[in-house]
Amino acid sequence: MTIGTAVSAASTTPPTAADHRAARTDLSAAFRWFARLDMHESVANHLSVSVSDDGSQFLINPRGRHFARIVASDLLLLDANDSNTLERDDAPDPTAWFLHARLHARIPAARCVMHLHSKYATALACLADPTLYPIDMNTMRFFGRVALDPDFAGMALSDGEGDRVADLMIGGGNKTVFLMANHGVLVIGPSVAAAFDEMYHFERAAQTLLTCYATGKPLRIVSDAIAALTERQWRDYGQLAIDHLDNVKAILDAQEPEYRR
Ligand SMILES: [Zn+2]
């Protein structure tokens, strides 16, 4: 698994079993911020972070809770190897379970997994050609980092879907984004801050490309060499992801501090 090479500079110390509070707070902040940015959808979509070295123990949002209402203590602590999870009184959304449990179990380096149906990423995933052409710095950030899943086959309601996605991510090499055709987007990262920043910038990149398409004018696509150079340069800005989430938490601390509860 090589995702660390793409976002390693943005990595923070992975949470341990003794430090779920930090992981809970970071993920709770991400939920709140995605709600502010209107990147959530109804009470669906899911974000998770693993809290054990092997990835089997992970935190995820409870079923049916709006992102804007999430507090740190709401997050469910699940075991990816517990086949009775969906029998719990507080069972997570089945589609969240099947996707995230298998990804955390199969790809321990993917400490954080985020899945959204955000507007622009989803619109991109609905195009016959969903290529994120390198036309600005944000689109260039993802040059070579996007895996496309072309096979939408209904809602993911079995372990097979999580394994299928894990196979595609592992097989794709240096990929951090999984663009799910006719569906949405999934991002993995070595920390909440890294995945949060990756998701944010992917949505911005898709917005810029689709705004260009809306003009009907030809795209000004840069060379592969320039795109690859810019993608590498982004990796040197790993501190940006940490600063991004730190600033989000500072704003939330001032305006809706209950997210830490
Ligand atoms: Zn979905």
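Just so you know, these numbers come straight off a predicted model, no measurement behind them. Numbering of ligands and ligand atoms starts at 1, following listing order.
- No more than 12 heavy atoms of other residues, nucleotides or ligands sit less than 6.0 Å from atom CZ of Arg69.
- Hydrophobic clustering, with ILVMFWY side chains joined whenever heavy atoms are under 4.5 angstrom apart, groups Met39 together with Phe31.
- Ring pair Trp97/His46: centre-to-centre distance not below 6.0 Å.
- Remark: aromatic rings of His100 and Phe58 are distant, center separation not under 6.0 Å.
- Distances under 2.8 Å from the Zn ion (ligand 1) pick out the protein N/O/S atoms His115 NE2, His117 NE2, His183 NE2.
- Taking the six-membered ring for Trp and the full ring otherwise, the centers of Phe34 and Phe196 sit less than 6.0 Å from each other.
- Side-chain atoms of Arg32 and Glu258, non-hydrogen and from C-beta on, do get closer than 4.5 Å to each other.
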